[in-house]
Amino acid sequence: MSESTPAHTSPKSTAPDAAPTGARSPRRAAAPRTILVAAALDVVLLLVFVLIGRNSHDEGFNVLGALNTWWPFLLGLAVGWAATRAWRYPFEVVLPGIPIWLFTVAVGMLFRTLTGQGVAVSFVIVTLIVTGVFLLGWRLLARVIVKRRARSAR
């Protein structure tokens, strides 16, 4: 995971993107592989969310049905990545993680509504919970791994 972890860890901290105590340092751009891994994790986890949801409603696996459910959330994910410029530090939880999560749900629900796919309150709640666990969870896990590796490297 060394190439997929943020390349911008401060020398005085084990946390990615942390500035040295008492100072603000500019963030270095994430490596292309880091960006690709982060984007792929987000996209794949949204697909997992869609497939779990479709299966739990006995809709089974149907490529067109899955794509129809998936695309509004992919659009929301893309908006979140663009709005936060997530490619600069894609593994961070608070920024860009939380806005990416919220854009994914909000834009996804907007386009589901506009296309007549339905947005029952219970669906919105479940979507917020599951996508939050997925989109923020892997980022939290990555942070733990980075901290452990930094501690063991000392």
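What you are looking at is a predicted structure, and each value in this text was computed from that prediction instead of being measured.
At least one side-chain heavy atom of Ile52 sits under 4.5 Å from a side-chain heavy atom of Phe134. Proximity of Trp70 to Leu47: side-chain heavy atoms (C-beta onward) are separated by under 4.5 Å at one or more points. Residues Thr115 and Trp71 are in side-chain contact: their nearest non-hydrogen atoms beyond the backbone lie under 4.5 Å apart. The shortest side-chain heavy-atom distance between Met109 and Phe123 falls under the 4.5 Å cut-off. You'll find the side chain of Val107 stays beyond 4.5 Å of the side chain of Pro72, heavy atoms only. Within the 4.5 Å cutoff, side-chain heavy atoms of Arg54 are placed close to those of Asn62. In this structure, Trp101 and Thr104 have side chains that are not in contact, with every pair of non-hydrogen atoms separated by 4.5 Å or more.
Note on Leu102 and Val79: separate hydrophobic clusters, where clusters join Ile, Leu, Val, Met, Phe, Trp and Tyr whose side-chain heavy atoms are under 4.5 Å apart, directly or indirectly. Leu77 and Val50 fall within a single hydrophobic cluster, where Ile, Leu, Val, Met, Phe, Trp and Tyr are joined by side-chain heavy atoms under 4.5 Å apart, directly or via other members.
When each of Leu128, Val121, Thr127 is paired with Ile125, the side chain to side chain contact (heavy atoms under 4.5 Å, CB included) condition holds for Val121 and for no other.
Residues Ala30 and Ile35 come closest through the heavy atom pair O-CD1, 3.7 Å.
You'll find the ring centres of Trp138 and Phe91 inside the 6.0 Å limit.
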**OP:** Apply side-chain contact (heavy atoms from CB on, under 4.5 Å) to Tyr89 and Leu95, showing your working.
**Re:** CA-CA 8 Å; Tyr89 41 96; Leu95 183 64; 3.6 Å; yes
**OP:** For Trp81 and Ile100, run side-chain contact (heavy atoms from CB on, under 4.5 Å): C-alpha distance rounded to whole Å, both residues' side-chain angles, the deciding distance at 0.1 Å, then the answer.
**Re:** CA-CA 6 Å; Trp81 268 72; Ile100 286 173; 3.6 Å; yes
